[in-house]
Amino acid sequence: MKIVSWNVNSIKARLDHVLKYMDEFKPDLLMIQELKGLEFPKNKLEATGYYTHAITQKSYNGVAIISKEPFEVILDALPEDQDDEQARYLEIKLGDVHYINIYLPNGNPAPGPKYEYKLAWMERLYTRLNGLVEDNIPFVIGGDFNVIPEEKDCASPQEWKDDALFRIETKKAFRSLLNLGLIDSFRVFNTGDKNYTFWDYQAGAWQKNNGIRIDHFLLSPLMADRLESCTINKAPRGWEKPSDHTPIELHLAA
DNA sequence: ATGGTCGTGTGACGA
């Protein structure tokens, strides 16, 4: 089973990219982030034979799951804050497994209220994932985590030193998730540097491979034995008018 | 050291 996560930076601007990706790389389940609009092109995506569910808001954020198999929606928001209206979380169930798609807050500028929101969001996420682990519910969580886990996950650590994606509190919160027993799937197969999922549009970052690894797939303990591979597909970042992120691809044994 | 690039929606803000 092929599961993919991709921050598309606007579904309106990137619909043709997503359709091309689906046709060329045939994911079984595709998690996309940063839809950036209220409207979701459900009909055009489902004309391919896939099922979809989207969580959207005006202008910002937004996440969706596109799946070959029909699925049940478990949660359309992260629990524990009724006033949080940002479209950043979707949890579904397919077979016995929960699949969670997140667009974790960026948090810049830090420090400040946006960074406080990010850290609070990560605590709420910890609570939810801890609950699933305790209940022995197998899950896969993918998405744009907006977390650079280690120095080797960026080209120039000095540049990111005080950034919300690389600050010590952010790395600690991410480490707490891993300490639940979750596996950073990509690092099981590749411990090297210069492996990125995002390159800024500015200053020739893509051409210079000045990127960061911020899109991740974490597996719950019960899913560990099913992990077959996890790789970054750089091709879509090189297409015309690309997203600034590229897909990360996970293969699980049936 | 500075500015640089996209997308939304048509302003300024977010990334």
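Keep in mind the model is a prediction, meaning the values are calculated, not measured. Chain letters run A, B, ... following the sequence lines, proteins first and then strands; every chain starts at 1.
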Student: Applying side-chain hydrogen bond (donor to acceptor under 3.5 Å, both in side chains), can you list everything that pairs with A:Tyr21, at least two apart in sequence or on another chain?
Tutor: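 By the side-chain hydrogen bond (donor to acceptor under 3.5 Å, both in side chains) rule, A:Tyr21 matches A:Glu249.
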
Student: How many whole angstroms separate atom CD of A:Gln33 from atom C1' of B:dG14?
Tutor: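 From A:Gln33 CD to B:dG14 C1': 16 Å.
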
Student: Answer yes if the side chains of A:Ser10 and A:Glu34 hold a donor-acceptor pair under 3.5 Å, and no otherwise.
Tutor: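 No, no side-chain donor-acceptor pair sits under 3.5 Å.
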
Student: Go through the structure and list residues passing side chain to side chain contact (heavy atoms under 4.5 Å, CB included) with A:Pro157, not counting sequence neighbours.
Tutor: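 Partners of A:Pro157 by the side chain to side chain contact (heavy atoms under 4.5 Å, CB included) criterion, ordered by chain and then number, come out as A:Glu151, A:Cys154, A:Phe166.
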
Student: Among pairs that include at least one residue of residues 223-254 of chain A, which meet ring-ring contact (aromatic ring centres under 6.0 Å, His included), considering only residues two or more places apart or in two chains?
Tutor: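 Output for this query lists A:Phe198-A:His245.
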
Student: Take the protein atom CG of A:Asp144 and the nucleotide atom C1' of B:dA15, then report the distance between them rounded to whole Å.
Tutor: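 In whole Å, B:dA15 C1' lies 10 Å from A:Asp144 CG.
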
Student: Taking the P atom in each of B:dG14 and B:dT10, what is the distance between them to the nearest angstrom?
Tutor: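 It comes out at 16 Å once rounded to the nearest Å.
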
Student: Under the ring-ring contact (aromatic ring centres under 6.0 Å, His included) test, which residues partner A:Tyr60, sequence neighbours left out?
Tutor: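 Applying ring-ring contact (aromatic ring centres under 6.0 Å, His included) to A:Tyr60 gives none.
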
Student: When the nearest nucleotide of DNA chain B is assigned to A:Leu38 and to A:His245 on a heavy-atom basis, which residue is associated with the more 5' position?
Tutor: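 Mapping each residue to its closest nucleotide by heavy atoms, the 5'-most match is A:Leu38.
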
Student: Expressed as a whole number of angstroms, how long is the span from A:Asn146:CG to B:dG14:P?
Tutor: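 A:Asn146 atom CG is separated from B:dG14 atom P by 14 Å.
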
Student: Residues two or more places apart in sequence or in another chain: which of them pass side-chain hydrogen bond (donor to acceptor under 3.5 Å, both in side chains) with A:Asn190?
Tutor: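 Here the qualifying residues are A:Asn195.
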
Student: Just how far, in rounded Å, is C1' of B:dG14 from CG of A:Asn61?
Tutor: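 It is 9 Å, rounded to the nearest whole Å.
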
Student: Taking only the C1' atom of each, what is the distance from B:dG11 to B:dG7 in whole angstrom?
Tutor: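 These two C1' atoms come out 14 Å apart once rounded.
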
Student: Can you give me every donor-acceptor pair (side chain of residues 106-114 of chain A, partner residue at least two apart or in another chain, under 3.5 Å) with its distance?
Tutor:
| residue | atom | partner | partner atom | Å |
| --- | --- | --- | --- | --- |
| A:Asn106 | OD1 | A:Asn108 | N | 3.0 |
| A:Asn106 | OD1 | A:Asn108 | ND2 | 3.0 |
| A:Asn108 | OD1 | A:Ala164 | N | 3.0 |
| A:Asn108 | ND2 | A:Asp163 | OD1 | 3.0 |
| A:Asn108 | ND2 | A:Asp163 | OD2 | 3.2 |

Student: Take atom P in B:dG9 and the same atom in B:dT5, then report the distance between them in whole Å.
Tutor: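 Approximately 22 Å lies between the P atom of B:dG9 and that of B:dT5.
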
Student: I'd like to know if the side chain of A:Asn233 reaches the main chain of A:Ala235, judged simply by a donor and an acceptor atom lying under 3.5 Å from each other, with no hydrogens or angles considered.
Tutor: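 Yes, A:Asn233 side chain to A:Ala235 backbone: donor-acceptor pair under 3.5 Å.
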
Student: Identify, residue by residue, the members of residues 101-113 of chain A with a heavy atom below 4.0 Å from DNA chain B, and return them in order of residue number, or none.
Tutor: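 Correct list: A:Tyr103, A:Asn106.
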
Student: Is there any protein nitrogen or oxygen under 3.5 Å from a nitrogen or oxygen in nucleotides 4-8 of chain B, and what are the pairs?
Tutor:
| residue | atom | partner | partner atom | Å |
| --- | --- | --- | --- | --- |
| B:dG4 | N9 | A:Gln202 | OE1 | 3.1 |
| B:dG4 | N7 | A:Gln202 | OE1 | 3.2 |
| B:dG4 | N3 | A:Gln202 | OE1 | 3.4 |
| B:dG7 | OP1 | A:Arg14 | NH1 | 3.0 |
| B:dG7 | OP1 | A:Arg14 | NH2 | 3.2 |
| B:dG7 | O3' | A:Ser10 | OG | 3.2 |
| B:dT8 | OP1 | A:Ser10 | OG | 2.3 |

Student: Among residues at least two apart in sequence or on other chains, which ones pass side-chain hydrogen bond (donor to acceptor under 3.5 Å, both in side chains) with A:Asp84?
Tutor: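 Checked A:Asp84 against side-chain hydrogen bond (donor to acceptor under 3.5 Å, both in side chains); matches are A:Tyr117, A:Arg124.
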
Student: Using atom P in both nucleotides, what's the gap between B:dT2 and B:dC6 to the nearest angstrom?
Tutor: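 That atom pair is separated by 23 Å.
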
Student: Please measure how far the C1' atom in B:dA15 lies from the corresponding atom in B:dG4, and state the result in whole Å.
Tutor: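 Rounded to whole Å, the distance is 14 Å.
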
